[in-house]
Number of protein chains: 2
Amino acid sequence: MSSSRPRRDFPNAEHDHSHCAAHALGQADLICEARGVRLTEIRRRVLEVIWDSHVPIGAYDILAKLNAGGGRSAPMAVYRALDFLIENGLVHRIDSRNAFFGCSHPEEPHRAQFLICNVCSAVAELDSEALHETVRRTARTKGFRVENVVIEASGRCPNCARKSAP
Amino acid sequence: MSSSRPRRDFPNAEHDHSHCAAHALGQADLICEARGVRLTEIRRRVLEVIWDSHVPIGAYDILAKLNAGGGRSAPMAVYRALDFLIENGLVHRIDSRNAFFGCSHPEEPHRAQFLICNVCSAVAELDSEALHETVRRTARTKGFRVENVVIEASGRCPNCARKSAP
DNA sequence: TGCGAAATGTGATATTATAACATACTAAGG
DNA sequence: CCTTAGTATGTTATAATATCACATTTCGCA
Ligand SMILES: [Zn+2]
Ligand SMILES: [Zn+2]
Ligand SMILES: [Zn+2]
Ligand SMILES: [Zn+2]
């Protein structure tokens, strides 16, 4: 019995990321529709920009991409869109990088843990309830009632590990 | 079999924190001496300020306390001291708060995990090799070679949990 | 259409962190 | 002692990240 449900693995070199992005956007539409929340223009564009990047992207980099075509958005617009996207589980924040990353399985709320490559910045999202439970249980032994857990491992992704030290 | 070695628990209300601080400073002197690194004036004062606080403290709050007595230090001085203290395991950075916290057992380098109270900001430091190993092992199944792990749980410390929902 | 709530625009400002270069201190060898 | 190379600190400016406060617009609905 493993409660670990891997969702977004490290991409192989050839994968068509635009396909991932398109799928994610479609999912987002459906999810927001179903929940009765509005994926407005700016929110959708921020989500697009996030998915256009295959690595976590900072708020001001998102802003720059939004404005690349002559736009005039301000930081607040991005942060507000991010608030919405995170609240609705469409995007995750990577605390150790001050950066944002599209969730690949936003249909249901979930715990997430991240593996972040120090070389190429690729991210894999884990969804190990076991890991989360281990933290919760350990905390419990100290009388601590867990509300949220941040787990972010950095290191070498499979691709970069192969290159550096076979 | 538990490889969990709890070190800094949540303090009870009456504990004499100045004693903790004094002990930590003494330890720091010994450790730096033993390692042949210099706990200079500013580094020691930053460590003092960090221990004066019983909760994680931000770099600019450290700066303000340094300068409270008419000092004129600049941010760089604080960040450089923090670099040193972190590198030598005397201080931990709490990524989810952009804040710094004195390590209670710096004698030997170690993995650390943190429990952070959302109400009073109290922190307990865990040192569970088991937890770390679980992350490493889970990552391994995806071909990821872990170099560093951030585990930070937020929630209610025993004191605050008791008050809010018995 | 008109209203209240939600969303966005706008400008200023807060907070956190680093770059670049000058100066001062320290320890070791001659 | 004196030089010198390395370490540490001072100083100024700036980068990067994030929020506040208030005006305006848009949306859903009565
Ligand atoms: Zn996710
Ligand atoms: Zn990589
Ligand atoms: Zn520690
Ligand atoms: Zn508390």
Side-chain angles (χ1 to χ4, degrees), chain A residues 28-29 32-50 53 55-67 69-88 90-101 121 150 152, chain B residues 28-29 32-50 53 55-67 69-88 90-101 121 150 152:
Chain A
D29 285 329
C32 291
E33 170 79 31
R35 292 185 192 161
V37 297
R38 293 165 54 207
L39 189 63
T40 58
E41 180 63 18
I42 183 100
R43 290 168 177 173
R44 197 169 201 280
R45 287 209 293 142
V46 167
L47 186 56
E48 267 173 16
V49 168
I50 288 173
S53 170
V55 297
I57 181 172
Y60 278 75
D61 290 339
I62 293 170
L63 182 62
K65 287 206 181 188
L66 278 186
N67 288 343
R72 295 253 160 248
S73 293
M76 268 316 298
V78 172
Y79 281 106
R80 285 198 279 233
L82 287 170
D83 285 346
F84 171 88
L85 295 169
I86 290 169
E87 193 153 299
N88 284 280
L90 299 167
V91 164
H92 293 295
R93 180 191 162 88
I94 312 287
D95 279 333
S96 59
R97 305 275 172 130
N98 296 332
F100 304 88
F101 191 63
S121 296
V150 172
E152 295 172 10
Chain B
D29 285 329
C32 290
E33 170 77 33
R35 291 184 192 162
V37 296
R38 295 165 53 205
L39 188 63
T40 58
E41 180 62 17
I42 184 99
R43 290 166 176 173
R44 197 168 200 280
R45 288 208 294 142
V46 167
L47 186 57
E48 267 173 17
V49 169
I50 288 172
S53 171
V55 297
I57 182 172
Y60 279 75
D61 289 338
I62 293 170
L63 182 62
K65 286 206 181 190
L66 277 186
N67 288 344
R72 296 249 161 250
S73 292
M76 270 313 301
V78 172
Y79 281 104
R80 285 198 278 233
L82 286 170
D83 285 347
F84 171 89
L85 295 169
I86 290 170
E87 194 153 299
N88 284 280
L90 300 166
V91 164
H92 293 294
R93 180 192 162 88
I94 312 286
D95 279 334
S96 60
R97 307 272 172 134
N98 297 331
F100 304 88
F101 192 63
S121 296
V150 172
E152 296 172 9

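Sequence lines set the chain letters: A, B, ... in the order given, protein chains first and strands last, and positions in each chain run from 1.
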Original post:
For the base of dA14(C), is there a side-chain donor-acceptor partner from Y60(B) under 3.5 Å away?
Top reply: no

Original post:
Whole Å only: how far is the CZ atom of R80(B) from the P atom of dA17(C)?
Top reply: 16 Å

Original post:
Where each residue is assigned the nucleotide of DNA chain C containing its nearest heavy atom, which of P75(B) and M76(A) is assigned the position nearer the 5′ end?
Top reply: M76(A)

**OP:** Going by the side-chain contact (heavy atoms from CB on, under 4.5 Å) test, name the single residue among I62(B), D61(B), I42(B) that passes it with V78(B).
**Re:** I62(B)

**OP:** Whole angstrom is fine here: how far is it from CD1 in I94(B) over to C1' in dT16(C)?
**Re:** 16 Å

**OP:** Tell me whether the OP1 or OP2 atom of dA18(D) has a side-chain N or O from N98(A) closer than 4.0 Å.
**Re:** yes

**OP:** Could you tell me the separation between the CG atom of L63(A) and the P atom of dT10(C), rounded to a whole number of Å?
**Re:** 13 Å

Subject >> Given R45(A), R38(A), R43(A), the one that forms side-chain contact (heavy atoms from CB on, under 4.5 Å) with E41(A) >> reply: R45(A)

Original post:
In whole angstrom, what separates E41(A)'s CD from dC27(D)'s C1'?
Top reply: 15 Å

**OP:** Take atom CD1 of I42(A) and atom C1' of dA6(C), then tell me their distance rounded to the nearest Å.
**Re:** 15 Å

Subject >> dT9(D) OP1/OP2 closer than 4.0 Å to side-chain N/O of T40(B) >> reply: yes

Original post:
How long is the line joining CD1 of I62(A) and P of dA18(D), in whole Å?
Top reply: 10 Å

Original post:
Is the shortest side-chain N/O distance from R43(A) to OP1 or OP2 of dT8(C) below 4.0 Å?
Top reply: yes

Original post:
Starting at the 5' end of DNA chain D and moving along, which residue's nearest nucleotide shows up first, D83(A) or A74(B)?
Top reply: A74(B)

Subject >> 4.5 Å side-chain heavy-atom contact, C32(A) and F84(A) >> reply: yes

Subject >> Distance in angstrom units between L82(B) CG and dT9(D) C1', rounded >> reply: 15 Å

Original post:
Taking only N and O in the side chain of Y79(B), is any of them less than 4.0 Å away from OP1 or OP2 of dT18(C)?
Top reply: no

**OP:** Classify the side chain of R38(A) versus the base of dG28(D) as yes if they form a donor-acceptor pair under 3.5 Å and no if they do not.
**Re:** no

Original post:
Any side-chain heavy atom of D95(B) within less than 4.5 Å of one from V150(A)?
Top reply: no

**OP:** Could you pick out which residue, V37(A) or A59(B), lies toward the 5' side of DNA chain C when each is mapped onto its nearest nucleotide?
**Re:** V37(A)

Subject >> Distance in angstrom units between I86(A) CD1 and dT17(D) P, rounded >> reply: 15 Å

Original post:
Closest approach of S73(A) and N67(A), non-hydrogen atoms and distance?
Top reply: N-OD1, 2.9 Å

Subject >> Any R72(B) side-chain nitrogen or oxygen under 4.0 Å from OP1 or OP2 of dG10(D) >> reply: no

Original post:
Within the structure, does a side-chain N or O atom of R93(B) lie under 4.0 Å from either OP1 or OP2 of dA17(C)?
Top reply: yes

